[in-house]
Novice: 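Pasting a structure here, questions to come.
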Amino acid sequence: MAKKNPTGNATKLNAFLKKAKAAAKAFEAPDPRDPAHQLVIALLQFNHTRKAAEDAHAALLDAFVDLHELRVSHPHEIVEVIGDDYPDAYERAIRLREAVNAVYAREHDVTLKTVATKGKREQRSYLDTLPATPPYAAANVALLSFGAHAFPVDDKLCALLIVEGVMEEDARPSDCESFITKTLKAGDALEAHVAVQAWADKRKAPAAVKKPAAKKAPAKKTAKKTTKKKAARTAKKK
């Protein structure tokens, strides 16, 4: 007999959401962004914090002219921008390049504008099938950029939900999202996500999901990259 999928506790979920919303105090929806940039932020935010992801995204925008320059950059160049102390920095850099290049291969441009014209299921399928894109990132873009009924859950949040008694011990992020979206009304998902993300950002990941420190990629002796944006600023100063 196949093992039953882990389930959640609706009563504890509702109590948890009330607690998270109370801690957040006021609901502030994230500023709307181009979906391709939201994908980059989601990949930076996975198993980390919203503020760190926003700061890293801003640093990437400052260092690279656009997402085209980002997609052709080497992973170590991206790591130089976000910092080698960023959690799983090198792995994230690889994910960013793969995901952005996959979008380019499909669209012949780094844009998700055509996805906006698709139905909700097609949009989610498109995002879920992007290489190197975890379900958290797909759900994040689906919810924040396309208004889908989704709820981003990464390894850290899944473990925290288990600790809170919302989910059973063997639950996976996909189990959490499935249970939460079935329990929550579609119109409540965005506010709940923002509150829960803020709540989770203030907490450490339970020991069970902490990964051993990844080995740093060997340093490459390359000339420091000068982007078009930085070159223009330098020229102005002269």
Side-chain angles (χ1 to χ4, degrees), residues 13 16-17 20-21 23-61 66-67 70 82 87 92 95-96 98-100 102-103 106-107 109-158 160-161 173-174 176-202:
L13 172 63
F16 166 71
L17 290 176
K21 290 177 182 179
K25 295 182 180 179
F27 170 59
E28 291 183 16
D31 294 331
R33 282 195 180 84
D34 175 86
H37 281 278
Q38 188 61 50
L39 175 63
V40 171
I41 292 173
L43 290 167
L44 291 166
Q45 192 167 307
F46 173 70
N47 282 341
H48 204 25
T49 68
R50 176 181 167 185
K51 184 180 185 307
E54 296 278 3
D55 290 346
H57 176 249
L60 290 172
L61 290 181
D66 53 26
L67 294 183
L70 174 66
I82 66 176
R92 284 181 198 271
R95 283 182 181 273
L96 283 172
E98 287 189 20
V100 173
V103 170
R106 293 180 182 184
E107 307 296 331
D109 196 0
V110 187
T111 177
L112 293 172
K113 290 181 180 179
T114 62
V115 184
T117 65
K118 301 178 183 293
K120 300 302 181 187
R121 288 186 179 180
E122 289 180 286
Q123 290 172 343
R124 184 59 189 266
S125 177
Y126 183 106
L127 295 166
D128 277 328
T129 56
L130 282 176
T133 303
Y136 172 90
N140 184 284
V141 178
L143 174 64
L144 297 181
S145 295
F146 301 129
H149 187 27
F151 198 91
V153 180
D154 54 18
D155 299 319
K156 176 185 174 183
L157 178 55
C158 179
L160 289 170
L161 289 172
S174 58
C176 297
E177 182 185 2
S178 177
F179 169 70
I180 293 173
T181 52
K182 286 177 181 177
T183 307
L184 272 182
K185 292 180 180 179
D188 297 334
L190 179 58
E191 181 179 2
H193 159 65
V194 172
V196 170
Q197 183 73 54
W199 177 88
D201 285 352
K202 296 177 182 177

Novice: Measure the CG-CG distance between Asp66 and Leu61 for me, rounded to the nearest 0.5 Å.
Specialist: 10.0 Å

Novice: Is there side-chain contact between Glu54 and Ile41, with at least one heavy-atom pair below 4.5 Å?
Specialist: yes

Novice: Look at atom NZ of Lys113 and say whether more than 12 heavy atoms of other residues, nucleotides or ligands are closer to it than 6.0 Å.
Specialist: no

Novice: Keeping the roles fixed (side chain from Glu191, backbone from Asp188), state whether a donor-acceptor pair exists under 3.5 Å.
Specialist: no

Novice: First locate atom OG1 of Thr117, then atom CG of Leu112, and finally report the distance between them rounded to the nearest 0.5 Å.
Specialist: 11.0 Å

Novice: State, with a plain yes or no, whether a side-chain heavy atom of Arg92 is found less than 4.5 Å away from one of Leu43.
Specialist: no

Novice: Any salt bridge between Lys182 and Glu177, counting N to O under 4.0 Å?
Specialist: no

Novice: Leu157 versus Pro173: any side-chain heavy-atom pair under 4.5 Å?
Specialist: no

Novice: Does a donor on one side chain and an acceptor on the other come within less than 3.5 Å for Arg106 and Thr129?
Specialist: yes

Novice: Please step through side-chain contact (heavy atoms from CB on, under 4.5 Å) for the pair Asp201 and Lys51, ending with a clear verdict.
Specialist: CA-CA 9 Å; Asp201 285 352; Lys51 184 180 185 307; 6.0 Å; no

Novice: Going by the rule side-chain contact (heavy atoms from CB on, under 4.5 Å), which residues pair with Ala20 if we only count those two or more places apart in sequence or in a different chain?
Specialist: Ala195, Val196, Trp199

Novice: Any donor-acceptor pair under 3.5 Å linking the side chain of Lys156 with the backbone of Ala200?
Specialist: yes

Novice: With rounding to the nearest 0.5 angstrom, report the CG to NE2 distance, Leu17 to His193.
Specialist: 12.5 Å

Novice: Less than 3.5 Å apart, which donor and acceptor atoms pair up between the side chains of residues 131-152 and the rest of the protein, not counting sequence neighbours?
Specialist:
from	atom 1	to	atom 2	distance (Å)
Thr133	OG1	Leu130	O	3.4
Thr133	OG1	Pro131	O	3.3
Tyr136	OH	Gln45	NE2	2.8
Tyr136	OH	Gln197	OE1	2.8
Asn140	OD1	Gln38	NE2	2.8
His149	NE2	Thr181	O	2.7
His149	NE2	Leu184	O	3.2

Novice: Let me see the working for Glu28 and Val194 under side-chain contact (heavy atoms from CB on, under 4.5 Å), right down to the final yes or no.
Specialist: CA-CA 8 Å; Glu28 291 183 16; Val194 172; 5.8 Å; no

Novice: Would you check if Ile180 and Thr183 make a side-chain contact, meaning some heavy-atom pair closer than 4.5 Å?
Specialist: no

Novice: Between the main-chain N or O of Thr111 and the side-chain N or O of Asp109, is there a donor-acceptor pair closer than 3.5 Å?
Specialist: no

Novice: Are Leu60 and Leu44 packed together at the side-chain level, in the sense that at least one heavy-atom pair is separated by less than 4.5 angstrom?
Specialist: yes

Novice: Please round to the nearest 0.5 Å and tell me the distance separating atom CZ of Arg121 and atom CG of Asp128.
Specialist: 13.0 Å

Novice: So which heavy atom on Val153 is nearest to which on Cys158, and how close?
Specialist: CG1-N, 3.8 Å

